[in-house]
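This report concerns only the one structure given below.
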2 protein chains.
Amino acid sequence: MFVDYEILIAWGSVAKKYKKGEYIFHEGDLPKFFFQVIEGSVKIFNTNNEGREFTQGAFNVGDSFGEPLLFIDELYPSNAITLEDSVIIKLSKDKFFAILDEYPNLQKKLIHVFAERIWNKSTTSRDIINTNPESRIISFLKAYKKKIKKEGEDIEIPYTRQQIANYTGLRVETVIRALAKMKIKKSVQIVKRKLIY
Amino acid sequence: MFVDYEILIAWGSVAKKYKKGEYIFHEGDLPKFFFQVIEGSVKIFNTNNEGREFTQGAFNVGDSFGEPLLFIDELYPSNAITLEDSVIIKLSKDKFFAILDEYPNLQKKLIHVFAERIWNKSTTSRDIINTNPESRIISFLKAYKKKIKKEGEDIEIPYTRQQIANYTGLRVETVIRALAKMKIKKSVQIVKRKLIY
DNA sequence: CGGTTCCTTGAGGATGATCAACGAGGGTGG
DNA sequence: CCACCCTCGTTGATCATCCTCAAGGAACCG
């Protein structure tokens, strides 16, 4: 979702700078704030005890994140970290609710955004549970192209092998080997280590 | 979510009977209706080409389902099927929107329900991606107990091994063998094949 | 009882994970 | 310009885990 900066500021929200790699919240924290990215980008993710990571989502300039938790009585199920130096605007839960009451069409926007996230997470689980590495990777790539509205064309994928692994729940080596096979099958191209799909 | 029957009926919704195992919609269908369970229960799930199944969620009397798709421009990512003989109320998309406009606190309810679903799906992906069969099963059991608000006590789990497998993305045999180990470790009990946790 | 559904067990195999090592490329500072 | 570092990509060998296939047993129901 995106809430106008004027509104956020009028209601007393505070912008804060974060260095690359700083945590905005941790798994298990009590959710108290609405967050929106002003500059930079944010990743929401989980790690398990072996340090393995799973990326739940990424958020860029204009996106808010973590809002669902404000509506339910649960702790954050994941961590949020900046992917680069960033500025994040922060507003207390009750003020956020007040804004929602004031601007009913923000509620509609929110419903819309939540609906998208549910759809996203449904398709992701579906793809991850059922399939082999190659299909998982293809699903991920398709989702990316869809997100940036380049579904027709071949584009360079701006993710490292490790990032793809984190999004698909695979290991780097597995991603690399799968991509190698896919290159032979010509389902992807690899030019100077850059992935094209 | 739950919308009062009087409201639904006033707006011309239709109740339909379904036999056990009938499809309400299929993956790939165009979403056109709001659905709410009046009697019986519904499961939303995916299958892959090998017939493997993944359960996305289950819905009981009073629950609506599939609503997120009404807000976005996508086809159903999953199937919906009745788990027993059921009665489902059905309302066209635009009438559903009209109701939402009429009753703003239904919007709030909807936001709340969507938020819960997002949380659910996040924790599920987290648990499924990262962990071994035993932890996945424990996560599933915990989620179930939480849902029915019996978190303190040991209860009989009303799911077959196959159903647990479908929820956790495992195979039946794996579930059975994991449960056997867990029984030895005393993390679950099995009495006359019934699972207690 | 006969059928159906569910549970169980064993053997064998495939696949992805793990561990270890190395190569390529880009950036930085001397 | 070169040396160094750091991140990212790659490869091979080995292993553990879960899946697959097959068969049979237990429980329940009409």
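Just the heavy atoms: all of them, side chains too, but no hydrogens, waters or symmetry mates, feed the values below. Residue numbers begin at 1 in each chain, while the letters A, B, ... track the order of the sequences.
- Counting only residues at least two apart or on different chains, the salt bridge (Lys or Arg N to Asp or Glu O under 4.0 Å) pairs with a member in residues 58-69 of chain B are B/E67-B/R117.
- Among residue pairs with one or both ends in residues 148-169 of chain A, those qualifying as ring-ring contact (aromatic ring centres under 6.0 Å, His included) are A/F140-A/Y159, A/F140-A/Y167, A/Y144-A/Y159, A/Y159-A/Y167; sequence neighbours excluded.
- Among the protein residues, B/R52 comes within range of the sugar-phosphate backbone only, with heavy atoms under 4.0 Å from sugar or phosphate atoms but none that close to a base.
- Between the side chain of A/E173 and the base of C/dC19, a donor-acceptor pair under 3.5 Å is found.
- Each salt bridge (Lys or Arg N to Asp or Glu O under 4.0 Å) pair with one or both residues in residues 132-148 of chain A, not counting sequence neighbours, appears once here: A/E134-A/K185, A/K146-B/E74.
- At least one side-chain nitrogen or oxygen of A/T174 sits closer than 4.0 Å to the OP1 or OP2 atom of C/dA17.
- Atoms OH (B/Y159) and C1' (C/dT5) sit 18 Å apart, rounded to a whole Å.
- Toward the 5′ end of DNA chain C lies the nearest nucleotide of B/Q162, the other residue of the pair B/Q162 and A/G169 mapping further downstream.
- One axis for each end of the helix from C/dC1-D/dG30 to C/dG30-D/dC1, each built from five base pairs, and the angle between them comes to 40° at 10° resolution.
- Candidate nucleotides D/dT10, D/dC19, C/dT18 were compared by shortest atom distance to the side chain of A/R171, and C/dT18 ranks first.
- By the ring pair (Phe, Tyr, Trp, His ring centres under 6.0 Å) test, B/Y76 is found to be paired with B/F25, residues two or more places apart in sequence or in another chain being considered.
- Distance, B/I184 CD1 to C/dT8 C1': 14 Å, rounded to whole Å.
- Remark: C1' of D/dC8 and CD1 of A/I157 are 17 Å apart, rounded to the nearest angstrom.
- Pairs engaging residues 176-197 of chain A under the ring-ring contact (aromatic ring centres under 6.0 Å, His included) rule: none recorded [sequence neighbours left out].
- In this structure B/F34 satisfies the ring pair (Phe, Tyr, Trp, His ring centres under 6.0 Å) test together with B/F96, sequence neighbours excluded.
- Chaining together hydrophobic side chains whose heavy atoms lie under 4.5 Å apart leaves B/I184 on its own.
- The NZ-C1' distance, from A/K194 to C/dG25, rounds to 11 Å in whole Å.
- Here A/H26 pairs with A/Y23 under the ring pair (Phe, Tyr, Trp, His ring centres under 6.0 Å) rule; sequence neighbours left out.
- Here C/dC6 presents its C1' atom at 11 Å from CD of B/Q163, a figure rounded to the nearest Å.
- Against DNA chain D, the stretch residues 176-183 of chain A makes heavy-atom approaches under 4.0 Å through A/I176, A/R177.
- Sorted pairs that involve residues 168-183 of chain B and meet salt bridge (Lys or Arg N to Asp or Glu O under 4.0 Å), not counting sequence neighbours, are lacking altogether.
- Annotation for A/R193 and A/R161: closest pair O-NH2, 2.9 Å, computed over non-hydrogen atoms.
- Residues A/V61 and A/I38 have side chains not in contact (no heavy-atom distance under 4.5 Å, counting atoms from C-beta outward).
- Taking side-chain N and O atoms only, B/R161 has a distance below 4.0 Å to OP1 or OP2 of C/dC7.
- Under 3.5 Å, the side chains of B/T55 and B/Q163 contain no donor-acceptor pair of N or O atoms.
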Give each protein N/O atom lying under 3.5 Å from an N/O atom of nucleotides 24-30 of chain D, with the pair distance.
unit_1 : atom_1 : unit_2 : atom_2 : d
D/dA26 : O4'    : B/R193 : NH2    : 3.0

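- Atom CG of A/N132 and atom P of C/dG13 are 21 Å apart (whole Å).
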